[in-house]
Protein chains: 2
Amino acid sequence: MKLSEGVEAAIHSVTILASLGPGETMPAAAFADAYEISASYLLKHLKVLVADGLLESVSGPQGGYRLARAAEKITLLDVVLAIEGRQPAFRCTEIRQRGPVRLPAEVYAKPCQINAAMLKAERAYRAALAETSIADIAADFSAEADPRAVAAACAFAEQNKRPQGRSKNTQAKGEKA
Amino acid sequence: MKLSEGVEAAIHSVTILASLGPGETMPAAAFADAYEISASYLLKHLKVLVADGLLESVSGPQGGYRLARAAEKITLLDVVLAIEGRQPAFRCTEIRQRGPVRLPAEVYAKPCQINAAMLKAERAYRAALAETSIADIAADFSAEADPRAVAAACAFAEQNKRPQGRSKNTQAKGEKA
DNA sequence: GGCCACGTACTCGGATAGAATCTGTCCGAGTGCGAATGG
DNA sequence: CCATTCGCACTCGGACAGATTCTATCCGAGTACGTGGCC
């Protein structure tokens with residue numbers, strides 16, 4: 001039950017990208033530097049987000065990343081599932097069926113109560129994550145955070161954003177997935 | 001976001017122990033064999049449950065494990081936290097404060113919105129787990145599972161349970177924790 | 001002066017080491033029962 | 001025949017390797033811009 005550290009970086013990155021204009025992009029090196037984290041390692045995570053259709057990437061000079069859809073339609077759950085994988089955290093291995101006393105399979109037709117309870121909790125977890133979109137995060141930040149922090153974030157975005165960029169390669173990626 | 005496999009074994013073990021009488025114990029080797037999992041490895045997890053006060057252990061012949069309190073007062077959350085640790089899955093490293101633009105600490109007085117949202121989801125997860133007690137699991141099993149499975153479980157318990165046992169060593173453990 | 005070709009610099013993408021954690025195993029400490037012995 | 005003592009078998013507890021995953025890094029593929037040369 002430990003989320004990988006990359007989840008935090010990924011969410012922050014997506015949140016920054018949400019502050020860009022419609023077609024604008026920002027290179028990963030920019031916020032890797034701003035967050036003082038390894039750019040190469042951040043790339044690794046962003047690549048997954050691209051593969052999952054959350055981000056689009058643009059190669060070459062003036063390239064970078066941008067959201068693949070509106071920030072309102074990207075939830076924390078999307079990011080977490082992209083990084084951590086879609087399979088539930090609790091995986092029932094049906095140990096109840098193992099062991100010396102082998103009963104016919106029909107005996108285990110009903111799902112394991114333990115698995116059911118664990119999955120129910122995980123649904124609650126995912127539902128809570130799905131309630132919050134990246135746009136919500138960004139809005140909360142603008143509204144509640146210290147004005148100086150907001151100003152710094154805006155300045156950073158203004159300084160590192162790239163005007164435009166095609167995204168053909170990303171489209172091709174998306175098709176294969 | 002991946003629970004260790006030991007969680008499943010631990011929950012099943014605790015559920016079995018819930019079927020015993022008040023002072024009765026059962027050795028770990030019994031259900032390790034029944035589940036076809038490594039006894040040594042199961043011990044590793046049960047030890048943690050003992051340290052966390054969920055189980056009591058009795059050494060020596062006729063020894064084993066038993067619940068430290070009523071099955072109604074042991075929830076899935078208790079077991080999961082014991083095995084996986086109490087710290088939240090998402091740990092905010094405050095990367096917003098890192099980087100070249102260092103603003104005064106007071107700017108970050110308010111908690112990070114991302115962290116808040118993640119923790120909120122985790123509270124929902126834990127709340128859902130806390131709703132289900134081991135007694136609930138056992139009751140559901142008795143009520144809904146196939147009668148043959150229930151009979152097999154009862155027979156197993158009857159066959160491997162140990163009448164009684166002191167628990168002085170466990171008490172000492174509890175005090176040090 | 002305008003157009004084209006080339007080189008360069010910058011971006012992301014994938015493959016490759018190192019660290020930490022999870023999984024699995026072994027050996028040792030402690031305990032209660034049972035047998036053997038002596039009274 | 002009964003009490004005591006000793007040994008043994010069984011339990012949990014902690015220390016020790018192997019495997020898998022996470023973390024971090026480096027090098028390569030592709031692209032757009034800028035420069036230089038040519039028409």
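Letters A, B, ... mirror the listed sequences (proteins, then strands); counts begin at 1.
Placement of B/L119 and A/V80 in two distinct hydrophobic clusters is found when ILVMFWY residues are connected by side-chain heavy-atom separations under 4.5 Å, directly or transitively.
One interatomic measurement links the two molecules: OH of B/Y35 to P of C/dG24, which rounds to 16 Å at whole-angstrom precision. Nucleotide C/dC10 holds its P atom 17 Å from the OH atom of A/Y65, rounded to whole Å. Here C/dC10 presents its C1' atom at 16 Å from CE of A/M26, a figure rounded to the nearest Å. Note: CG (B/L43) to C1' (C/dA29) measures 14 Å, nearest angstrom. Separating the NZ atom of B/K47 from the C1' atom of C/dG28 is a distance of 13 Å, rounded to the nearest angstrom. Atoms CD (A/E56) and P (C/dG13) sit 12 Å apart, rounded to a whole Å. Per the geometry, CG belonging to B/L17 stands 14 Å off P belonging to D/dT11, to the nearest Å. Atoms CG (A/L42) and C1' (C/dG13) sit 14 Å apart, rounded to a whole Å.
In this structure, the side chains of A/L54 and A/V14 stay at 4.5 Å or more apart for every pair of heavy atoms. The side-chain heavy atoms of B/M26 and B/F156, taken from C-beta on, include a pair separated by under 4.5 Å.
Grouped with B/Y41 in a hydrophobic cluster is no other residue, since no side-chain heavy-atom contact under 4.5 Å to another Ile, Leu, Val, Met, Phe, Trp or Tyr is found. With a 4.5 Å cut-off between side-chain heavy atoms of Ile, Leu, Val, Met, Phe, Trp and Tyr, the cluster of A/V48 takes in none.
Relative to the side chain of B/P61, the nucleotides C/dG32, C/dC12, D/dG13 differ in distance, and C/dG32 lies closest. Closest contact between the side chain of B/S38 and the listed nucleotides D/dC12, C/dG24, C/dG13 involves C/dG24.
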I'd like a list of close polar pairs between nucleotides 16-23 of chain D and the protein, N/O only, cut-off under 3.5 Å.
{"unit_1": "D/dT23", "atom_1": "OP1", "unit_2": "A/E5", "atom_2": "N", "d": "2.8"}
{"unit_1": "D/dT23", "atom_1": "OP2", "unit_2": "A/Y41", "atom_2": "OH", "d": "3.0"}
{"unit_1": "D/dT23", "atom_1": "O5'", "unit_2": "A/Y41", "atom_2": "OH", "d": "3.1"}

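Close to C/dG13, at under 4.0 Å from its OP1 or OP2, lies a side-chain N or O of A/S57. A/R162 has no side-chain polar atom (N or O) that falls below the 4.0 Å cut-off from OP1 or OP2 of C/dC10. Taking 4.0 angstrom as the limit, A/S40 places none of its side-chain polar atoms (N or O) nearer than this to OP1 or OP2 of D/dA24.
A donor-acceptor pair under 3.5 Å is absent between the side-chain atoms of B/E84 and the main chain of B/L3, judged by distance alone.
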side-chain hydrogen bond (donor to acceptor under 3.5 Å, both in side chains) between B/T93 and A/E8, worked out: CA-CA 8 Å; B/T93 60; A/E8 184 183 8; 2.7 Å; yes

